[in-house]
Amino acid sequence: MLIKHEIARLVADATARALEEGDLPPLALPEVTVEHPAREEHGDYAASLPMKLARAARSDPLAVAEAIARHIRPSDAIAEVVVAPPGFINFRLGDAWLARQIDAILAQGERFGDVPLGQDQRFQVEFVSANPVGPLHVGNGRGLAIGDTLASVLAAAGYAVEREYLVNDAGTQTETFASTLYARYQQLFGREVDIPEGGYPGHYVVELAEELKAEQGEAFLRPPGEPWPPELHDVGVAKMLAIIRNDLAAIGVNYDAWFNEKSLYTAAGPYERAMELLREKGVVTEKEGAIWFTSSALGEDKDNVLVRSTGSPTYFASDIAYHYDKFLLRGFQRVIDVWGADHQGHVPRMQAAVAALGVDPERLDIIVYQLVTLRRGAEIVRLSKRTGEMITLGEVVEEVGADACRFFFLARSADSHMDFDLELAKEQSAENPVYYVQYAHARIAGILGHAAEEGVEYADGDLALLTHPAELALIRKMLLLPEVVEAVALTLEPHHLPHYALELATVFHDFYEKCRVVSDDLPLSKARLKLVAACRATLARTLGLMGVSAPVRM
RNA sequence: GCCCCUGUAGCUCAAGCGGACAGAGCGGCUGCCUUCUAAGCAGCUGGCUGCAGGUUCGAGUCCUGCCAGGGGCACCA
């Protein structure tokens with residue numbers, strides 16, 4: 001159990017005893033939590049419970065704090081319990097206990113940070129899922145960093161997590177894409193055709209057409225004026241998808257599943273079954289030749305079309321079928337979808353649809369991240385796939401580096417609108433926060449390498465020798481990792497991770513300046529080697545959760 | 001017009017469920033390498049948390065109104 005929870009329990013138990021013995025008047029006990037005081041002199045943890053109870057106890061918060069504090073049982077972890085105005089109970093961890101935690105961290109190695117929140121419940125995180133009609137852009141990068149890290153953190157929190165990419169290969173967009181590709185293809189054979197209305201003007205389609213011509217010659221050519229051959233759709237989508245997968249690989253994402261939208265539409269498949277279920281639930285109606293989800297009766301602004309009057313299903317219907325598949329067919333306990341803000345209007349009706357399928361909407365979390373503005377200095381670069389000019393994620397990764405990209409995307413909360421200034425990202429590459437963290441890891445690797453060269457074995461190091469404030473500060477910070485993992489898993493806000501990484505690196509660099517590790521003092525050297533070995537594991541785990549590399553040399 | 005997000009230092013952003021004196025990085029200025037990595041450290045500079053009310057023992061955080069910016073309101077996805 002995390003020390004944070006142990007302390008909260010000590011406070012709860014003490015309060016219960018104070019109530020039993022009449023030191024406090026009868027009152028209902030709220031959930032007890034502890035927090036980290038902002039100021040160091042207030043200790044490691046603080047309980048503000050007395051201030052919350054003061055009114056019900058009709059007493060002074062300070063008196064309540066003292067009544068509770070009197071009943072706190074001693075713990076070997078806690079060196080000091082202090083009551084402080086206006087009504088806090090402050091706890092300070094003991095130096096010896098802190099030092100002993102190093103062995104616990106070393107024993108866990110790079111599993112340190114795991115937290116027993118889940119018991120292997122199956123979770124799915126679906127992210128990016130960009131339509132295979134163009135290369136990934138910077139906004140996709142943000143979704144990628146958020147989704148991938150969330151998946152890693154949830155796995156560390158004890159859930160069985162699957163990463164999934166939905167390939168939208170059944171909608172009108174890939175049809176338009178195929179038309180565009182065919183137009184470009186024909187142009188290569190000297191035909192004067194324009195790309196279709198609403199098509200994709202980007203140069204990459206020309207490149208794909210050239211590739212097609214080089215590989216297949218005129219095999220896809222039809223007489224002028226005739227529609228493109230049906231095979232072209234899948235061939236084109238496959239080529240686009242290959243480019244996307246390549247970009248994803250460059251930034252280091254590994255999906256467990258690639259789900260084809262088309263597979264929803266097999267006979268008696270998810271689409272048909274989901275629609276049937278909605279009909280059974282009585283949330284479907286027909287009007288103006290189309291089939292509608294009667295979401296306005298469920299508190300929504302308006303109804304939404306499921307099947308167009310042409311008979312083809314909308315994106316909304318497709319997504320309902322997809323979530324039917326996730327929840328009812330594959331049985332995920334919880335599904336986390338990571339969407340860009342341009343889809344936020346889709347959130348309430350999706351939640352309503354999931355509820356209509358009989359699934360507790362609490363099981364569906366939709367993380368909406370705000371859009372990214374890409375700029376070069378003062379010049380704003382448009383993100384739209386529909387304009388010819390765009391900077392792809394692949395190009396950004398090449399320019400800025402995968403590690404810096406991920407860290408940058410991750411460091412801002414999903415709710416914040418972010419600017420990605422390429423000029424700045426490049427200029428700052430040496431001053432980038434990610435290198436600050438990685439440098440701490442590389443420094444430790446250097447120290448451990450140096451110790452090995454000097455033949456210093458430290459397995460028997462005596463941790464009791466670690467008493468320097470910088471050493472203890474480092475241990476304190478390391479012990480926070482499980483708390484951060486727990487917080488991220490609970491709030492689904494991965495931006496806490498890079499901020500923690502920065503704090504940990506700061507405390508390490510401070511320690512490094514103040515404490516020489518390998519010195520003439522062999523016992524102290526051994527103890528400090530244990531300390532930095534544990535710190536290396538903590539840094540590596542933190543970086544690993546973010547998908548950022550932990551270099552041994554820089 | 002309605003809905004979602006945001007407004008915190010010159011810039012980019014933090015601030016777990018409301019807690020003690022709002023923090024980092026970058027920028028600017030000043031110092032520190034015969035030593036395990038100077039991609040580092042120490043110090044200085046910097047704030048009416050958009051504005052006005054309200055709730056509370058306590059508000060950057062919650063509520064209401066206003067102002068400003070981004071996004072969304074299709075038989076597109």
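Side chains included, hydrogens not; waters and symmetry mates left out as well; all remaining heavy atoms used. Below, chains carry the letters A, B, ... as their sequence lines are ordered, and counting in each starts from 1.
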What integer number of Å spans the [atom1] atoms of [N] and [M]?
N: B:rG23; M: B:rG47; atom1: P; answer: 13 Å
N: B:rA42; M: B:rG7; atom1: C1'; answer: 34 Å
N: B:rU64; M: B:rA74; atom1: C1'; answer: 34 Å
N: B:rU35; M: B:rU30; atom1: C1'; answer: 24 Å
N: B:rC41; M: B:rC36; atom1: C1'; answer: 16 Å
N: B:rG25; M: B:rG69; atom1: C1'; answer: 24 Å

(request) With sequence neighbours excluded, give me every salt bridge (charged side-chain N to carboxylate O under 4.0 Å, His left out) pair touching residues 342-353 of chain A. (result)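 Found none.
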(message) Once pairs are restricted to Watson-Crick or G-U wobble with both distances under 3.5 Å, how does RNA chain B read as a dot-bracket string, [ ] for crossings and | for other-strand pairs?
(response) (((((((..((((.....[...))))((((((.......))))))....(((((..]....))))))))))))....
Using atom [atom1] of [X] as one end and atom [atom2] of [N] as the other, report the distance to the nearest whole Å.
X: A:R536; N: B:rU37; atom1: CZ; atom2: C1'; result: 16 Å
X: A:R553; N: B:rA38; atom1: CZ; atom2: P; result: 16 Å
X: A:H441; N: B:rA39; atom1: NE2; atom2: P; result: 18 Å
X: A:H499; N: B:rA24; atom1: NE2; atom2: P; result: 13 Å
X: A:M350; N: B:rA77; atom1: CE; atom2: C1'; result: 14 Å

(message) B:rA38, OP1 or OP2 - any side-chain N/O from A:Y435 closer than 4.0 Å?
(response)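 Indeed not, no polar side-chain atom of A:Y435 lies that close.
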(message) Taking only side-chain N and O atoms of A:R528, does any of them lie within less than 4.0 angstrom of OP1 or OP2 on B:rC36?
(response)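 A:R528 to B:rC36 OP1/OP2: no side-chain N or O under 4.0 Å.
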Looking at [N], does its base get a donor-acceptor pair with the side chain of [X] below 3.5 Å?
X: A:T314; N: B:rC75; result: no
X: A:T310; N: B:rC75; result: no
X: A:N90; N: B:rA20; result: yes

(message) I need the A:L539 CG to A:L504 CG distance, nearest 0.5 Å.
(response)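 Answer for the CG-CG pair, A:L539 versus A:L504, is 4.5 Å.
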(message) I need the A:L2 CG to A:L479 CG distance, nearest 0.5 Å.
(response)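 One finds 9.5 Å between CG of A:L2 and CG of A:L479.
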(request) Return the 5'-most residue of the pair A:M554, A:E288 with respect to RNA chain B, ranking by each residue's nearest nucleotide. (result)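 The 5'-side residue here is A:M554.
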(message) Which is more 5' along RNA chain B, the nucleotide nearest A:Y439 or the one nearest A:A46? Just name the residue.
(response)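 It is A:A46 whose nearest nucleotide is closer to the 5' end.
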(message) Under the criterion of centre distance below 5.5 Å and interplanar angle below 30°, is A:F88 classified as stacked on the base of B:rA20?
(response)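 Answer is yes, a stack.
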(message) For a quick check under 3.5 Å, do A:N168 and A:Q173 share a side-chain donor-acceptor pair by atom type?
(response)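 No, A:Q173 and A:N168 have no side-chain donor paired with an acceptor closer than 3.5 Å.
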(request) Report yes or no: do A:D403 and A:S549 form a side-chain donor-acceptor pair below 3.5 Å? (result)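 Short answer, yes.
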(request) Determine the minimum heavy-atom distance between A:L474 and A:C535, stating which atoms define it. (result)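 Closest approach of A:L474 to A:C535, heavy atoms only: CD1-SG, 3.8 Å.
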Within the structure shown, what part of the strands sits under 4.0 Å from [X] by heavy-atom distance: base, sugar-phosphate, or nothing?
X: A:T506; answer: nothing
X: A:D510; answer: sugar-phosphate
X: A:A487; answer: nothing

(request) State whether A:F508 and A:R443 meet the cation-pi test: NZ (Lys) or CZ (Arg) under 6.0 Å from the six-membered ring centroid, and within 45° of the perpendicular axis. (result)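 Here A:R443 fails the 6.0 Å and 45° test against A:F508.
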(request) Scan nucleotides 3-12 of chain B nucleotide by nucleotide, 5' to 3', and note B when protein non-hydrogen atoms come under 4.0 Å of the base, S if they reach only the sugar-phosphate, - if neither. (result) -BBS-----S
